[in-house]
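Only this structure's heavy atoms are used, side chains among them; waters, hydrogens and symmetry mates stay out. Reminder, nothing fancy here: chain letters follow the sequence lines and each chain counts from 1.
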Amino acid sequence: MNKYDSGKIEKKWQKYWQQKKIFQAKDFSKSAGQQTKKYVLVEFPYPSGEGLHMGHLRPYVAGDVYSRFKRMQGHNVMYPIGWDAFGLPAENFAIKHGVHPSVSTAKNIKNAKRQIQSWGLSFDWSREINTTDPNYYKWTQWIFLQFFKAGLAYEATGMINWCPKDKTGLANEEVIDGKCERCGSIVEKKELRQWYLKITAYAEKLLEGLKTLDWPDRVKVQQENWIGKSIGAEIDFAISQPRVRRFVILHGRASTSKDNFYPWLKKELEASGFEIQALDMPGKGEPDDLEQAKFVMKNCMLDENTVVIGHSFGGVVALRLLEQGMKLNKVILVATPFSGKFLDGKQRVSVSKAVQKGFDFGKIKNSCQNFTLLYGTNDPVVPLSDGEEFSRLLNVNLTKIQSSGPHFQSKEEPEVFKACLPSLKVFTTRPDTIFGATYMVVAPEHPIIRNLESGIRNYEEVQKYVEKAKKESEIQRTSLEKEKTGVELKGIKAVNPATGEEIPVWVADYVLWGYGTGAIMAVPAHDGRDFEFAKKFGLPIKSVIEYNPSPHKGREIPGNTAEPSPLMRGDVASASEATERLQSAAIDYGILINSGKFTGMKSEEAIPKMAAEFGKLTVQYKLRDWVFSRQRYWGEPIPIIHCEKCGIVPVPEKDLPVKLPPVKKYEPTGTGESPLAAISNWVNVKCPECKEPAKRETNTMPQWAGSSWYWLRYTDPGDKKIFADKKKQKYWTPVDVYFGGMEHTTLHLLYSRFWNLFLYDQGLVTAKEPFAQRKPHGIVLAADGEKMSKSRGNVVNPDDIVKSQGADTLRMYEMFLGPHELSVSWNDQGVVGIRRFLDRVWVWTNEQFKNKKIERLKDSEKVERVLHKLIKKVTEDLEEQRFNTAIASFMEFHNEIKQEPVSLKTIKTFLTLLYPFAPHIAEELNQMLGGKKSLQLEAWPKYDPAKVVEQTAEVVVQVNGRVRGKVSVPAGSGEDAVKAEALKQDAVAKQIAGIGIKRVIYVKDKLINLVI
RNA sequence: GCCCAGGUGGCGGAACUGGUAUACGCAACAGACUUAAAAUCUGUCGCCCGCAAGGGAUUGAGGGUUCGAUUCCCUCCCUGGGCACCA
C-alpha cells in the first residue's frame, strides 16, 4: 500500500481538472439531467505583495465545497474568480521602488493564482477578470458616464473627509471611528472640488430592496442603520432681524410696479415695519438687464441691509446688480428665467442676451451670500430646470412650490411673503414637543451666521467659535466625553411658531451641519443633549410631555428636582415601535401638556397633526452622497473633459477607455490634485464638442468602482460591445450565493446594490438586486484569540499548511473549526485531527480494497443504515452550509463502520460525499477503486428514507422529568408496552415504589416520562 | 446610549419545531506495538460525593411557563460587532 502523499496527489488532480476543463460553466447549458443554473460568488481578491491569507481561504473553500456539491446535484454552476487590482498598496510600492503598479500587480496576481490553485479550488478560469485591464475599466468608465448622463454623477465643492497619509479624499463609508478605513490615520476635513455619485437618490430603493433579500438580519440591519431613515417634520422658525429695513421689489419684464402681487406684498411687509421700494422699470418689451440694473442703483437706496425680490426678469436684474458689485443682504429670485427658452415655446431675447453676456457667479456670490430660489411646479412659462441651474450655480437649495397663480402672477402669493421673512428651518422627529422648544441651535457651518452678520452683536465672538469648531477633527468634535460648548447669536431672536414666544438662537457644535437642516429646535425638557446644554448655559426648560406613570426606575437628573424628571423613561413597549415609525434619540412618547390645543393628546397622535400645523412631514437619511474621486494615480481615470466654453463634457464612448498614461512620479501631490495633473500631454486635449483646447479630469475613481459591477462581467467577460450581454445576464444573474466578509456590508455591498439598482433602472441590467443570498463568514483568529497580524507575529500562512498537511486537510480543518458565520480561532494542534482522519480514510479504503471478496460483498443492515444516515446528514448540512457538522458526521460514520466489511459501492458513495470537502484524496481513492472519471461528474448520492429508520428504539425513562433509565424497544412501540418495559427497571421501580403514577408522557421512540 | 450576534467541559464546538446536554475533534491519562522515542492502534475522559452500585448539582446569573427548558418569556451581567451629540 502506498503512503498517503498529499502533495503528489494534489498536484496530479489539480492538473487533471485543469486539462479536462471540468469546472467551465457553459452559458445557457441545458444538457440532459442538468437543472437550473447556480451562480456562486466569492469576493475577488486584491492581489497584494503578501499573498492571500486565511481570510481569503475561508469563503473560497466554502464557495468551492458548495459549488462542487451543486454541480453533482446537476446544476450548471458558475464559480468565477478575478482580480480587484486597483488600489493604494501597488501605488505605494511604486512610489517606494519606482516599479510601475501594473508590473507589481501582475507579479502578485501570478503568486495569488498559484496559491488558489494549490488549494484545489474549482474556479472557472476561463472567466478570469482584472479590474485594471483597460478592456475591463473601459466599462467601469462607461457605467460612470451613464451615471453622469442621468444626473447622478456630479461635481461639487464641499467639505470632505481627507486622509492626510494617503493624501486623498474618502467616502463616508471609508471613515471608521473618524479614521481612514485603509491606513488608520485620523481623517481631516478639507474643502475640495470632488466628484460625487448621488447614492442618496437611491436611499429609499436601497431600503426597499433589502426586504426581498435572503440575507442574514444582522447584515440587513447594518445597511438599514447606515442609510438611517427617519421620518419627521421640517418646521420654519421666523427670525427677527432688526437690521434689515428695506425691501426692493423688481418686477418682471412685461409688468409694472402696480401689477401682480406687489400691492399685497407691500402692505404685508409694511405692516411688519419694513420700508418698501418698487420702481417702474425702463425698457418694456425686450428690456436690457444692465440698463435696468443701473436704473435701480440710481433710484433706490441699496445697501447691505436691503433685501431684493426679483420676480421673473426682475431676478435677472437683481443678479446683474450683484455682479456690478452691489452688496445686498438677501436676494429672493421668484420664477427667474435662465435659459431664454420658455415653456410656451417662445424665445425671450432679453433673457437670452443676459445669459449670453454671461453671469459671473463668483462675483455674484461675493456680493451676497443669502439667496432664496422660488420655483413654481405649475409655472407655464419658466421651466423648473432653469431653477435647478441657478441652484447649482449659486449652491443653494431650490424651493419648489405650487404658486397660487400662473408664473407667480396672482394678486396674492403667500409663499413669496414667507420667503421675505428670514427664517430658520429645522428638522425634528418630535414635532409634538415644539411647545417645549425654548431655544434654537445652528451648526457652526450654518450659512445663516454669515447671512445675519449685520444683525449679530457679538459677531466676533461667534466667528471665533465657528473657526475653532471647523478646525477640530470629527473625532474631537463628536467625542462623547466632551462638554457642550456654544455661543449665543446676540441680537438675533427666533419665534417659536407654536407659542409665539421669542427664543434665543445659539451656535454649537453638537448640532451637525451634515444632517437634517443643520439647525434644531432645542427641547431641553425632553432631549438629553439639549438638556445638558440648557443646564450649562442656564436656558429655560419647559416640560410638554408627561410620561405614563410607571414604576420603572426613572433616571433622576441631578439638580433638576423642580421640574418632573425630564428624562423619565416612559412605557417600554413604545421603544421598539419608535424605531419602526419614528426614531427618537433620547425621549419616549407620552401625553402632551402645556401644548395649547394639543394638550392631552398622545405623542403618536400629535406628531402628524403638529407636523402639518407647523411645517410638513419629511424624511431624512443619514446616508451621504458618495465622494467618488481620489487624488491618486492607480485607479480608473474619470472620463470627463473640462472645457472653458462647454463646461463639463463627457468623453465620447468611442474614445473609451481613457487609459492611464505612464508617469515618472507616482507621489500624490497632497494639494488635492492627482499625480496625473502633471502629465501635460495627457491632460491637454481638444474639447470633444467645440474642438477648442480643454483639460482632462485628473482625479481617479475609488477602489470600490471596479468591484461595483464585476459579477456582471463574469457572465460575459470578453465582450467588446457591451459590459455584459443581456441574454447572458438574464441566464446567470442574480448571484445565487455570495460568500464574503462582514466588513463589506456598508461598503462594497452597499455600493454594488446601488450600481445594480441604477443600471436596472436604465434597463441595462436584468436582475433588480445583484445578490440573492449572502453568506458572511466569521474571521479566522489566531490561536491566541487575537486577529492575525504581522505585528503580533501570530499569522498562519495557508501555504505552510498545504506543504505540511496538504490542501485537503487545510480545507477540511478550515471548515471544521466552527460555524461558517462565526469567528473561530485557529489551532495548530487541531489540524492534525483532520489529517489523521484522512490518513485513516486512506488506510481503511486500501484495506477494504485488498479484500478480494469486496466485489461480491453485500452490506450489513447496519452499514446500510449508517451510510444512508450519512448521505442524509451531509446533503442537508451542505444545503444549509453547515460544513462543520457535515465533517463531524464523516468521522462518526467512519468510527461506526471501521471494523466492518463494506461493499465497494458503499466506499464509493462515501468518497463521493467526501469529494466536495477533500476532492484530491477522494479522486485518488476513487480511481484506485477503478473509477474511470472524475467524481465531479458523478451524481450526488440519494438516501433511501426507509433505510435511515432504526429497527429498535432506545427510549429514555424519566421519573418527574429526571432520567432514571433506558429501555430498548422495537421502533414504533406503543405507550403501554414501553411503560411496562420501563417499570421492569430497578432504578425506575425504586423511584415509584409506594407512590402511584399520576400521569404518563410518551414521545414515540424517544422518551417516556412518569409523573408521580 | 441605541441596534445586532453570542455566553455550553481544560480547549474548538454539537444538540432537529421544548424531549437522553456535552456529538465530532483537540488536549490529557492508561495500555498495546517498539531496545527506545515518534507515529499508529485500543481504552478512559465534564464537575462533586462514593471502592462500587448509585446519587447530586450543572448550558453567564436570578426568576417564570411546562410533566420536561441550552431551546420559550421577564430582569440582570459579560464578550464580540455595528451605529452614535443623526435632532
Side-chain angles (χ1 to χ4, degrees), chain A residues 176-177 216-226 228-230 232 426-430 433 441 477-480 482 484 508-512 514-523 527-530 532-533 575-576 578-579 583-587 620-623 742-743 745-746 778-779 781 783 785 813 816-819 821-834 836-837 839-840 843 876 882 884-895 954-963 965-966 986-987 990 998-1004 1006-1012:
Chain A
I176 316 255
D177 290 333
D217 280 345
R218 63 195 168 121
V219 180
K220 290 193 195 181
V221 165
Q222 241 185 72
Q223 283 209 354
E224 244 172 68
N225 291 345
W226 187 260
K229 179 178 182 173
S230 19
V426 301
F427 174 74
T428 176
T429 55
R430 294 302 300 272
T433 62
V441 186
R477 261 179 78 166
T478 58
S479 145
L480 281 176
K482 201 178 111 172
K484 296 258 181 302
D509 64 1
Y510 83 92
V511 172
L512 307 175
Y515 184 76
T517 60
I520 60 154
M521 61 176 210
V523 185
D527 181 284
R529 298 152 301 184
D530 297 342
E532 219 184 291
F533 192 80
S576 56
T579 32
Q583 279 183 346
S584 133
I587 35 177
Q620 282 289 336
Y621 300 93
K622 285 198 262 184
L623 189 69
M742 279 305 284
E743 71 276 18
T745 302
T746 52
I779 304 168
L781 302 167
Y813 183 61
F816 184 63
L817 270 170
E821 66 280 6
L822 296 182
S823 289
V824 287
S825 297
W826 183 269
N827 180 348
D828 274 321
Q829 283 175 317
V831 187
V832 306
I834 296 289
R836 273 181 210 154
F837 167 71
D839 277 331
R840 281 193 289 257
V843 171
E876 285 169 359
R882 290 188 301 250
N884 55 329
T885 51
I887 292 169
S889 66
F890 283 115
M891 296 171 171
E892 276 174 79
F893 169 84
H894 186 258
N895 289 343
E954 294 269 290
V955 175
V956 170
V957 185
Q958 294 183 338
V959 176
N960 279 354
R962 303 197 64 114
V963 180
K966 231 188 266 185
D986 287 351
K990 209 167 89 188
K998 273 195 208 140
R999 202 176 142 193
V1000 176
I1001 287 125
Y1002 177 59
V1003 182
K1004 204 167 106 187
K1006 281 208 169 144
L1007 157 152
I1008 185 158
N1009 188 7
L1010 309 171
V1011 185
I1012 57 172

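Interatomic distance, CD1 of A/I1001 versus CD of A/Q958, reported as 9.0 Å (0.5 Å rounding). Taking CG of A/L512 as the reference point, atom CD1 of A/I520 lies at 10.0 Å (rounded to 0.5 Å). To the nearest 0.5 Å, atom OG1 of residue A/T746 and atom CD1 of residue A/I176 are 6.0 Å apart. If you take OG1 on A/T885 and CD on A/E876, they are separated by 10.0 Å, rounding to the nearest 0.5 Å. In this structure, the separation between CE on A/M521 and OG1 on A/T433 is 3.5 Å, given to the nearest 0.5 Å. The structure places CD of A/E224 at 9.0 Å from CG of A/D217, a figure rounded to the nearest 0.5 Å.
The CD1-P distance, from A/I834 to B/rG12, rounds to 17 Å in whole Å. The distance from atom CZ of A/F816 to atom P of B/rC11 is 17 Å, rounded to the nearest whole Å. When rounded to the nearest whole Å, the span between CZ of A/R430 and C1' of B/rC85 equals 17 Å. Here the P atom of nucleotide B/rC67 and the OH atom of A/Y1002 are 20 Å apart, to the nearest Å. The interatomic distance linking A/M521 (CE) with B/rC85 (P) rounds to 20 Å, in whole Å. As rounded to whole Å, 19 Å separates atom P of B/rA5 from atom CD of A/E743. Regarding A/Y813, its OH atom lies at a distance of 10 Å from the P atom of B/rG13, rounded to whole Å. One atom, CG of A/L781, and another, C1' of B/rG6, lie 14 Å apart when rounded to the nearest Å.
At a cut-off of 3.5 angstrom, the base of B/rC83 holds no donor-acceptor pair with the side chain of A/K622. Checked by distance alone, A/N1009 brings a side-chain donor or acceptor within 3.5 Å of a matching partner on the base of B/rC67.
Partner assigned to B/rA37 is none, using Watson-Crick or G-U wobble distances below 3.5 angstrom. In a base pair of the Watson-Crick type (N1 to N3 plus N6-O4 or O6-N4) or a G-U wobble (N1-O2 and O6-N3), with each distance short of 3.5 Å, B/rU22 is matched with no nucleotide. Here B/rA84 sits opposite no nucleotide as a Watson-Crick or G-U wobble pair (both hydrogen-bonding atom distances under 3.5 Å). When both distances must be under 3.5 Å, the Watson-Crick or G-U wobble mate of B/rG68 does not exist. Pair assignment for B/rU75: B/rA61, on the basis of Watson-Crick or G-U wobble contacts that are both within less than 3.5 Å. Under the Watson-Crick or G-U wobble criterion, with both distances below 3.5 Å, B/rA27 is left unpaired in every strand shown. Remark: B/rG9 base-pairs with no nucleotide; criterion is Watson-Crick or G-U wobble with both hydrogen-bond distances under 3.5 Å.
Here B/rG9 is in the syn range [glycosidic angle within 90° of 0].
Checking B/rG19, B/rA27, B/rA87 against the side-chain heavy atoms of A/L512 singles out B/rA87 as nearest. The side chain of A/K1006 lies closest to B/rC16, out of B/rC67, B/rC16, B/rA21. Closest to the A/Q958 side chain, of the nucleotides B/rG19, B/rG25, B/rA87, is B/rG19. For A/K484, the listed nucleotide lying nearest its side chain is B/rC85; candidates were B/rA15, B/rG25, B/rC85. Of the candidates B/rC26, B/rC3, B/rA87, B/rC26 carries the atom nearest the A/Q829 side chain, counting heavy atoms from C-beta on. Listed nucleotides B/rC85, B/rA14, B/rC67 differ in distance to A/R999; the shortest reach to its side chain belongs to B/rC67. Here the side chain of A/E954 is nearest to one of B/rC26, B/rU20, B/rG81, namely B/rU20. Side chain of A/N225, nearest nucleotide from B/rC3, B/rG12, B/rA87: B/rC3. When each of B/rA23, B/rC67, B/rU20 is scored by its nearest atom to the side-chain atoms of A/E892, the top-ranked nucleotide is B/rA23. Considering only the side chain of A/F427, B/rA87 comes nearest among B/rG25, B/rA87, B/rC83.
Using a 4.0 Å heavy-atom cutoff across all strands shown, A/V1000 reaches no nucleic acid atom at all. Within the nucleic acid shown, A/L817 comes within 4.0 Å of sugar-phosphate atoms alone, with no base atom in reach, counting heavy atoms only. When heavy atoms are screened at a 4.0 angstrom cut-off, A/P216 is found touching no nucleic acid atom at all. Residue-level contact check: A/V956 touches the bases, meaning some heavy atom is under 4.0 Å from a base atom. Across all strands shown, A/K998 has no heavy atoms under 4.0 Å from either base or sugar-phosphate atoms. Backbone-only contact: A/S823 has heavy atoms under 4.0 Å from sugar-phosphate atoms and none from a base. At a threshold of 4.0 angstrom between heavy atoms, the contacts of A/T428 are confined to the sugar-phosphate backbone, with no base atom among them. Backbone-only contact: A/N895 has heavy atoms under 4.0 Å from sugar-phosphate atoms and none from a base. Among the atoms of the strands shown, only primed sugar atoms or phosphate atoms (P, OP1, OP2) are found under 4.0 Å from some heavy atom of A/V221. Counting non-hydrogen atoms under 4.0 angstrom, A/E821 reaches nothing in the nucleic acid. Looking at heavy-atom distances under 4.0 Å, A/R882 makes no contact with the nucleic acid at all.
Here, B/rG6 and B/rA87 have their C1' atoms 32 Å apart, quoted to the whole Å. Comparing B/rA23 with B/rA14, their P atoms are spaced 13 Å from each other, to the whole Å. Nucleotides B/rG81 and B/rG64 have their C1' atoms positioned 31 Å apart, rounded to a whole Å. Nucleotides B/rU59 and B/rA21 have their C1' atoms positioned 7 Å apart, rounded to a whole Å. Between B/rG60 and B/rG7, the distance separating the two P atoms is 7 Å to the nearest Å.
Heavy-atom nearest nucleotides on RNA chain B were determined for A/I520 and for A/V963, and the one closer to the 5' end corresponds to A/V963. Comparing A/L1007 and A/L822, the nucleotide of RNA chain B nearest to each residue sits closer to the 5' end for A/L822.
Between A/R218 and B/rA5 there is no side-chain N or O to OP1 or OP2 distance below 4.0 Å. Side-chain nitrogen and oxygen atoms of A/R962 include none within less than 4.0 Å of the OP1 or OP2 phosphate oxygen of B/rU58. Contact between the side-chain N/O atoms of A/N884 and the OP1/OP2 oxygens of B/rA23 is not found at any separation under 4.0 Å. Of the side-chain N and O atoms in A/S230, one or more sit less than 4.0 angstrom from OP1 or OP2 of B/rA87. Residue A/R836 places at least one side-chain N or O closer than 4.0 Å to OP1 or OP2 of B/rU40.
Checked by atom type and distance alone, the side chain of A/Y813 never pairs as donor or acceptor with a backbone atom of A/W826 at under 3.5 Å.
Judged by a 6.0 Å distance limit and a 45° cone about the ring axis, A/K484 is not positioned over the six-membered ring of A/F533.
A/F837 and A/F890 have tilted rings, their planes meeting at an angle from 30° to 60° on a 0 to 90° scale.
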I'd like to know whether A/Y510 forms a side chain to side chain donor-acceptor pair (under 3.5 Å) with A/D530, so could you lay out the CA-CA distance, the side-chain angles of the two residues, the decisive distance to 0.1 Å, and finally the verdict. CA-CA 9 Å; A/Y510 83 92; A/D530 297 342; 2.7 Å; yes
